[in-house]
Chemist: 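Questions regarding the structure given below will be posed in turn.
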Amino acid sequence: MKKMMGECREHHDKASKAIDQMMIRMEEGQRSNDATKMRATLEASQNGLADLKQDMATCMNMMSMMDKMDSGMGGHMDEMGGMREGMEGMMERKSR
């Protein structure tokens, strides 16, 4: 369980840094007022978002496994619900 949480935290940190970098690049592209640079910035951002989506899929798979474990254990993992909801909220915010 701790390993899964550590991996999700690592994915979250990586995603957060990537989003910050994308926002900086997009702002620079917008300020440049250069169509070629703007197109390159959009392409790089699209590629970065595809990478983030792939990273988030790993955590979503982990949450799915946790749900299956919970249902298989007769609901005895209710204490994990808050953690799972927090992770789902994080993923939802990152996908916007």
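All residue numbers refer to positions in the sequence shown, counting from 1.
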Chemist: Check the pair Glu27 / Arg31 against salt bridge (charged side-chain N to carboxylate O under 4.0 Å, His left out), numbers first and verdict last.
Modeler: CA-CA 6 Å; Glu27 186 177 316; Arg31 278 188 279 147; 3.4 Å; yes
Chemist: Work out which heavy atom in Met38 is nearest to a heavy atom in Gln30; give both atom names and the distance.
Modeler: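 In terms of heavy atoms, the two residues are closest at CE-O, 3.8 Å.
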Chemist: How many angstroms lie between CG in Leu49 and CG in Leu42, if you round to the nearest 0.5 Å?
Modeler: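 Going from CG on Leu49 over to CG on Leu42, the span is 10.5 Å.
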Chemist: Where is the tightest heavy-atom contact between Ala18 and Leu52, given as atom of each residue plus distance?
Modeler: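 Of all heavy-atom pairs spanning Ala18 and Leu52, the closest is CB-CD2, 3.9 Å.
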Chemist: Identify the heavy atoms of Gly48 and Met22 that sit nearest to each other, and give their distance.
Modeler: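 Heavy-atom minimum between the residues: C-CE, 4.0 Å.
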Chemist: Search all heavy atoms of Thr41 against all heavy atoms of Met26 and return the closest pair with its distance.
Modeler: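 Minimum heavy-atom separation between Thr41 and Met26: CG2-CA, 3.4 Å.
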Chemist: Are the side chain of Ser16 and the backbone N or O of Asp13 linked by a donor-acceptor pair below 3.5 Å?
Modeler: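 No: the side chain of Ser16 does not pair with the backbone of Asp13.
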Chemist: Does atom CE of Met23 have more than 12 heavy-atom neighbours from other groups under 6.0 Å away?
Modeler: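 It does not: Met23 CE has 12 such atoms or fewer within range.
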Chemist: Could you measure the distance from the CG atom of Asp34 to the CZ atom of Arg39? Nearest 0.5 Å is fine.
Modeler: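 Those atoms lie 8.5 Å apart.
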Chemist: Closest heavy-atom contact between Ala44 and Arg25?
Modeler: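 It is CB-NH1, 4.4 Å.
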